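As the structure is a computational prediction, the values presented were derived from the model and not from experiment. Reminder, nothing fancy here: chain letters follow the sequence lines and each chain counts from 1.
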Amino acid sequence: MERYLLAGSTFFYLLGFAYSLLQLGAGKFRPGRLNLYAIAGGFVLQTGFLYLRGHAVGRCPITNTFEILVFLSWSVALAYLVVGTTYRISLLGAFTAPLVFGLQLVALLLPSAPAAARRGPPDGWLELHASTSLVAYGVLALACVAGVMFLVQEKQLKMRVPGSIFHILPPITTLAEAMKRLLWFGVILLSIGIIAGFFIGTPIGRIKSGASMLVWLVYAVVLFLWTRNVLHSHRVAQYCIGAFALALVTLPAMYALGGMLAK
Amino acid sequence: MNIFCIGLNHRTAGVSLRERFAVEEGSVVSLLSELRREAALGEAVVLSTCNRVEVYGLSGDAEASARACADFLQRVAGAEAEFYRREQAEGARHLFRVVCGLDSMVVGETEILGQVKEAYAAALRSGATGAALNRLFQQAFRVAKQVRTETGITRGAVSVGSVAVELAEKIFGDLADCRVLLLGAGKAGARVARSLQSRGVRRLVLSNRTFERAAGLARELGGMALHFDQWQSALPDVDIVISSTAARGRLLSAGELAPVMAARGDRPLFLVDLAVPRDFDPALNDLDGVFLHDIDSLQAMAQQGVEARGLEVERCEELIEVHVAEFLSWARQRPDMAKPSLSAAP
């Protein structure tokens, strides 16, 4: 049942991805509802999968790389549904669909990993730490997507004659606003995750905690300098992409966390 | 009974002739009434815009009625003109092309749809339409909607003013809160400023070497005049600068603007340089948050828009043919209508 739910959600994300590709290829993309419905459908099925998996393991289902990737993909979809629809940046969906589809495809291609059953009493702080950190990474992934869109549109606006993508991308001030809200949201969640990490009963490895602190610090400094008008949106967009790449490097540390949860 | 259309437009008559035939909004109802009586029309709609004057009618003898319509219009206008005539399938096709903007001076413009809707509404209110023209015009509005939704005929800007507006909207989104500085009192700059005002810009500052000319244009456009030696002091507070002065050298360099941009924080600045020789240093475009477009760039974008629309015309014509066939199929079911055949597109 779990795999069917996951395959179903992957199909929905593929649908959103294919629709975006076709529309963008035809040069007539109009922010429509199909993207939203596709991602919402994928999200519902993914939530079902995580619920069943959570029941099976008796905790938040982030016990191995496979589950972490699915959870991360779920977080990106959640952030899109909250931010993309609220701020009506529908095109964010066109860029989000390939990301969530890609994450989930990698998860599905991984060798089938059985759910790791809980051994010993649950640690609420550990689960809060892990889940909020992953949702934060999902939100920051979307900030990275908004950053890419910002840089593309900025380049188009600087060109003598912009290309066809210029017509379908949102205004750069809208994208800058989306980046700012996503950064705030992501940094707050990451902060909660890190604070929760201090209360975990089992000590976390130095590499993992150091990497998490480094990612948090980069995002916090970028946000601080941006709000103080020291950094321009252009640089912030570049840092959003760079910092998320750095965050992806910490995924192996997440895997270590998964191993620890399984103990 | 046959549907027909007679008229003249920007391709068949010059503006001096078109203005003679133009029908004032207030006299449409009385004109319709007289026209129906004189030309023995069962139904009629009069469309009068700055680019065309057309009569759509339904008559048992379309040829005689079309002639009578032309005579009547010439008598009212006090001038002679060559009218084109389209009957049945060609008449329907012509109306569909008109509402889709394919017959407009600027292909794909959407203002014509509103004008046709108003003309039809006026005829409907005065009881000049019946089943045939109601069906024809309702179908025309459906074609226009489908064409706008399914093709790119309305996409892209096709004039310097609309290109500037499109760029501004891709930078700032809503233009209502944007402040515009216009340097020079030339027509080109004023046109772009008007385009921006038509999209919501409310605050406009004008500066010219001759202050009186700036003040005059400011009164006309509803803005505020500024002495020319003070225009740089306005830079931190404006979002868009349009320049069309006759200055021989550069008015603004990257070195001068860089500290201003630092003081502006994260707010972008859009520079529109319409002057030849150019007023702004091209290196300004390399600054973060500065977007500079000169007259060549704007004209190239407008030309690109025209070409892109041209590529969409064929797709529009295909959609129109489907609707022409649908309308003719409906007409064939009507006992009071002639049995039309689908003729080739003109």
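- With hydrogens and angles left out, the side-chain atoms of B:T245 and B:D279 include a donor and acceptor closer than 3.5 Å.
- In the model, B:Q303 has no side-chain atom that pairs as donor or acceptor with a side-chain atom of B:Q299 under 3.5 Å.
- For the 3.5 Å distance criterion, the side chains of B:S207 and B:Q230 fail to qualify, holding no donor opposite an acceptor.
- For B:D296, the parts lying near chain A are the backbone and the side chain together; criterion is any non-hydrogen pair under 4.5 Å.
- For the set B:F172, B:F291, B:F270, the entry with the most heavy-atom pairs within less than 4.5 Å of chain A is B:F291.
- Side-chain contact between B:V241 and B:L252 is absent, with no heavy atoms from C-beta onward closer than 4.5 Å.
- Top candidate by heavy-atom pairs under 4.5 Å with chain A, chosen from B:L298, B:T151, B:I171, B:D294, is B:I171.
- Only the backbone of B:E169 comes within less than 4.5 Å of a heavy atom in chain A; its side chain stays farther off.
- The choice from B:G152, B:A262, B:G289, B:P268 that makes the most heavy-atom pairs within less than 4.5 Å of chain A is B:G289.
- Heavy-atom distances place the side chain of A:H234, and not its backbone, under 4.5 Å from chain B.
- Ion pairing of B:E312 with B:R315 is present here, as a side-chain N (NZ or NE/NH1/NH2) and a carboxylate O approach within less than 4.0 Å.
- For A:E154, the parts lying near chain B are the backbone and the side chain together; criterion is any non-hydrogen pair under 4.5 Å.
- Residue A:R235 touches chain B through its side chain alone, counting heavy-atom pairs closer than 4.5 Å.
- For the set A:L157, A:V236, A:V230, the count of heavy-atom pairs under 4.5 angstrom toward chain B peaks at A:L157.
- Taking the side chain as every heavy atom from C-beta outward, B:F280 and B:R250 never approach each other to under 4.5 Å.
- No side-chain N or O of B:S253 forms a donor-acceptor pair with one of B:D281 less than 3.5 Å apart.
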